[in-house]
Amino acid sequence: MSAQCINDVYHFLLERYGPQGWWPLISVPGTNPTKSGAIQGYHPGDFSFPRNENQRFEICVGAILTQNTNWLNVEKALINLQEKNNLSCQSLLSLADQVLCELIKPSGYYNQKAKKLRVFAEYYCKQNGATPTRADLLSLWGIGPETADSILLYAYQQPYFVVDAYTRRLFTSLSIIDDNENYESIRQRFESALVKDWRVYQEYHALIVEHAKHYYSKKPWGQGCPVAAAV
DNA sequence: AACCAGGACGTGA
DNA sequence: TCACGTCATGGT
């Protein structure tokens, strides 16, 4: 029952909004002007990213910086880092704390995030290109379940479904998940309902965010949400 | 001018 | 386990 609903919602959102082209990369020129505020970086229908280690690292950094933060602010921080040629694990580690904080300041929580980035960059460099395990990522200070899954799904094309606040709001409102259901439970229910395809996981999560930005940002959540009526 | 954003951690029940 | 305070900037 709920498994079918999860698939129904996916197809509904895909038809309504079209492919979203996540994860955005500031180095990708394919702009999507329909994305509010974003300068560039979305690549709808193109699942060939990341294409190199720099892009992969950029996704990881973005996943950390976007914690409880508007993507527009993250983008400013990423551009600052890129302009200083510090969007690689080695160059990031070479920065002084004060400099790093200044560069990522627009993304907020800059003291915490500077530390998180440093911890992650150290791990990333040591990996030397190897795909991290989920347990490894979760053991790092500053990497929680959502950030770990975002990194695995978008930077490494691993089939882990990303559960964020919007996912909870939408599917709680649809009575498909429970209000107090924990992260792991929700993730596993999505993963068992869907075909095990990282492309689908990527697209679905991006669609949920796009949809929720319209209907689940301001309270009361879900006002006028067309999914509730359709499913 | 409040309210919110693609969370995680530390603490105390 | 789990609820709650903390972390901070910038957009609408």
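Note that the structure is a prediction, hence the values are computed from the model and not measured.
- Applying the 5.5 angstrom centroid cut-off and the 30 degree plane-angle cut-off, the aromatic ring of Tyr166(A) is not stacked upon the base of dG6(B).
- Residue Arg168(A) is out of contact with every strand shown, counting any heavy-atom pair closer than 4.0 Å.
- The residue among Gln67(A) and Arg169(A) whose nearest nucleotide of DNA chain B lies closer to the 5′ end is Arg169(A).
- Here dC4(B) presents its C1' atom at 18 Å from CH2 of Trp71(A), a figure rounded to the nearest Å.
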Output a table of nitrogen or oxygen pairs between the protein and nucleotides 5-10 of chain C separated by less than 3.5 Å.
from: dC7(C); atom 1: O2; to: Gln112(A); atom 2: OE1; distance (Å): 3.3
from: dA8(C); atom 1: OP1; to: Tyr109(A); atom 2: O; distance (Å): 3.3
from: dA8(C); atom 1: OP1; to: Tyr110(A); atom 2: N; distance (Å): 3.2
from: dA8(C); atom 1: OP1; to: Asn111(A); atom 2: N; distance (Å): 2.8
from: dA8(C); atom 1: OP1; to: Gln112(A); atom 2: N; distance (Å): 3.3
from: dA8(C); atom 1: OP2; to: Asn111(A); atom 2: ND2; distance (Å): 3.1
from: dA8(C); atom 1: O4'; to: Tyr109(A); atom 2: N; distance (Å): 2.9
from: dA8(C); atom 1: N6; to: Tyr109(A); atom 2: OH; distance (Å): 2.2
from: dA8(C); atom 1: N1; to: Tyr109(A); atom 2: OH; distance (Å): 3.0
from: dT9(C); atom 1: O2; to: Asn73(A); atom 2: ND2; distance (Å): 3.1
from: dG10(C); atom 1: O4'; to: Asn73(A); atom 2: OD1; distance (Å): 3.3
from: dG10(C); atom 1: O4'; to: Asn73(A); atom 2: ND2; distance (Å): 3.0

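- With respect to Arg199(A) and Glu203(A), no salt bridge is recorded, no charged nitrogen being found less than 4.0 Å from a carboxylate O.
- Nucleotides dG6(B) and dG5(C) place their C1' atoms 22 Å apart, quoted to the nearest Å.
- Classification of Arg189(A) and Glu181(A) as a salt-bridged pair holds, one side-chain N sitting under 4.0 Å from a carboxylate O.
- In this structure, His214(A) places its NE2 atom 14 Å from P of dA5(B), rounding to the nearest Å.
- Atom CG of Asp178(A) is separated from atom P of dC2(C) by 12 Å (rounded to the nearest Å).
- Residue Ile208(A) is out of contact with every strand shown, counting any heavy-atom pair closer than 4.0 Å.
- In DNA chain C, stems built from 3 or more consecutive Watson-Crick or G-U wobble pairs, each with both distances under 3.5 Å, span B:3-5 with C:9-11, B:7-13 with C:1-7.
- Per the geometry, CG belonging to Asp149(A) stands 13 Å off C1' belonging to dG6(B), to the nearest Å.
- Between Tyr201(A) and Phe190(A), a ring centre-to-centre spacing not shorter than 6.0 Å is recorded.
- Here the P atom of nucleotide dC4(B) and the OH atom of Tyr216(A) are 16 Å apart, to the nearest Å.
- Where Gly62(A) and Gly142(A) each meet DNA chain B at their nearest nucleotide, the meeting point lying more 5' is that of Gly62(A).
- Tyr216(A) and His211(A) share no side-chain donor-acceptor pair at under 3.5 Å.
- Taking the charged nitrogens against the carboxylate oxygens, Arg169(A) and Asp179(A) have no contact shorter than 4.0 Å, which rules out a salt bridge.
- Asp8(A) and Gln4(A) form a side-chain donor-acceptor contact under 3.5 Å, judged by distance and modelled atom types alone.
- Close placement of the Tyr204(A) and Tyr10(A) rings is indicated, their centers lying within 6.0 Å of each other.
- Straight-line distance between the P atoms of dA8(B) and dG10(C): roughly 22 Å, to the nearest whole Å.
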Under 3.5 Å between N/O atoms: give me all the protein pairs with nucleotides 10-13 of chain B, atom names plus distance.
from: dG10(B); atom 1: OP1; to: Trp141(A); atom 2: NE1; distance (Å): 3.1

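- Counting only N and O atoms by type, the side chains of Lys218(A) and Gln223(A) include no donor and acceptor under 3.5 Å apart.
- Contact annotation for Ala165(A): backbone-only contact, meaning every heavy-atom pair under 4.0 Å involves sugar-phosphate atoms and none involves a base.
- Taking atom CG of residue Leu137(A) and atom P of nucleotide dA8(B), one finds them 12 Å apart after rounding to whole Å.
- For the residue pair Tyr109(A)/Asn68(A), the side-chain donor-acceptor check at 3.5 Å is satisfied.
- In this structure, a donor-acceptor pair under 3.5 Å is absent between the side chains of Glu15(A) and His11(A).
- Side-chain contact, Ser88(A) with Ser91(A): a donor N or O sits under 3.5 Å from an acceptor N or O.
- Taking 4.0 Å as the cut-off between side-chain N and carboxylate O, Arg134(A) and Glu184(A) count as a salt-bridged pair.
- Computed from coordinates, the Ile151(A) CD1 to dA8(B) P distance equals 10 Å when rounded to whole Å.
- Residue Leu140(A) is classed as a sugar-phosphate contact, given heavy-atom separations below 4.0 Å to backbone atoms only.
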